[in-house]
Amino acid sequence: IDNTKMSLPDVNPIQAWTGKATIGGSDVGKTLTFDVTFARSQSEAIKSLSGTPDPWTIWVGALTAAGKFALVFDDDTQQNNYIQGSGPIVDFKWTRGTGVSTVGLEVHMQECWYTKALVVPFGKSYVTNEVDYTTIANSTDATTSGTGGSVAKVTLTNGTSGEVYV
């Protein structure tokens, strides 16, 4: 007979990720899903007769960001953003933990242009608003000094103090 006792690790359980969405500066607590894809239009190694096997340079095309999010439909705000072509500021932020153990991810899109906004009245017991979007490069998302251009600003946080890398 083995009298081995079970031992548990000294790892404390932590809460699940919590998310927050803001569109046009207003909290949107009815967000169901969010997805973003960052892509380069093209990339190519440019070879030349330089006497070395290394490429002369590596060309990368423009960075794009596009995706989709879904909300519980309870007003026409997002439909109006689509119809009027207003391109609101959109932020999605996730955090986990508290104090020095806080980790997080934030996606900030200064110019988020809706390419489609569908009201879906079937399939669930409530109505949803599914929004497809693409972003426009702008200087606000690029750097704190407002130079250059970027389609979005992604910020990772952790409990370690130090430099901020964007």
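Listed by chain and residue number, Q78 satisfy the side-chain hydrogen bond (donor to acceptor under 3.5 Å, both in side chains) test with Y114 (two or more places apart in sequence, or in another chain). Under the side-chain hydrogen bond (donor to acceptor under 3.5 Å, both in side chains) criterion, S86 pairs with N81, not counting sequence neighbours. Legend: residues meeting ring pair (Phe, Tyr, Trp, His ring centres under 6.0 Å) with W94, ordered by chain and number and at least two apart, are F34. Checked against side-chain contact (heavy atoms from CB on, under 4.5 Å), I46 has the following partners two or more places apart in sequence or in another chain: W56, T57, W59. Applying the side-chain contact (heavy atoms from CB on, under 4.5 Å) criterion to A65, with sequence neighbours excluded, gives V36, F38, T135, V151. Judged as a side-chain contact (heavy atoms from CB on, under 4.5 Å), and not counting sequence neighbours, the contacts of T52 are S50, D54. Remark: K124 pairs with no residue by the salt bridge (charged side-chain N to carboxylate O under 4.0 Å, His left out) rule, at least two apart or across chains. Considering only residues two or more places apart in sequence or on other chains, E44 meets the side-chain hydrogen bond (donor to acceptor under 3.5 Å, both in side chains) condition with none of them. Residues forming a side-chain hydrogen bond (donor to acceptor under 3.5 Å, both in side chains) with T22 (at least two apart in sequence, or on another chain): D91. Checked against side-chain contact (heavy atoms from CB on, under 4.5 Å), S150 has the following partners two or more places apart in sequence or in another chain: D141, A142.
Taking the six-membered ring for Trp, F73 and Y126 have ring centres at least 6.0 Å apart.
The closest donor-acceptor contact from the side chain of T157 to the backbone of G104 lies under 3.5 Å. Listed for the Q79 side chain is a donor-acceptor partner under 3.5 Å among the backbone atoms of A117.
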*How far apart are the C-alpha atoms of T155 and L105, what are their side-chain angles, what is the distance that settles it, and do they pass the side chain to side chain contact (heavy atoms under 4.5 Å, CB included) test?*
CA-CA 6 Å; T155 307; L105 169 70; over 6 Å; no
*Run the numbers on Y133 and W113 for side chain to side chain contact (heavy atoms under 4.5 Å, CB included), then give the verdict.*
CA-CA 5 Å; Y133 67 87; W113 296 91; over 6 Å; no
*Stepwise side chain to side chain contact (heavy atoms under 4.5 Å, CB included) check, V72 with L32*: CA-CA 7 Å; V72 174; L32 301 170; 3.9 Å; yes
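Side chains of Y82 and D76 form no contact here, defined as non-hydrogen atoms less than 4.5 Å apart.
Grouping the Ile, Leu, Val, Met, Phe, Trp and Tyr side chains by contacts below 4.5 angstrom, directly or via other members, places F92 with V154. Both L71 and I83 belong to a common hydrophobic cluster when Ile, Leu, Val, Met, Phe, Trp and Tyr are linked at side-chain heavy-atom distances under 4.5 angstrom.
Of the candidates T77, V131, V28, I23 forms a side chain to side chain contact (heavy atoms under 4.5 Å, CB included) with just one, namely V28.
Here the CD1-OG distance, from I89 to S26, works out to 10.5 Å after rounding to the nearest 0.5 Å. Atom NZ of residue K68 and atom OG1 of residue T33 lie 7.5 Å apart, to the nearest 0.5 angstrom.
Listed by first then second residue, pairs satisfying salt bridge (Lys or Arg N to Asp or Glu O under 4.0 Å) with a partner in residues 99-117 read K116-D132, not counting sequence neighbours. Applying the salt bridge (Lys or Arg N to Asp or Glu O under 4.0 Å) definition to pairs two or more places apart or across chains, those involving residues 16-42 are K20-D27, K30-D74, K30-D75.
Between the side chains of T134 and T115, no donor N or O sits under 3.5 Å from an acceptor N or O.
Nearest approach of G149 to A137, heavy atoms of both residues: C-CB, 4.5 Å. Between N129 and L118 the shortest heavy-atom distance is ND2-O, 3.1 Å.
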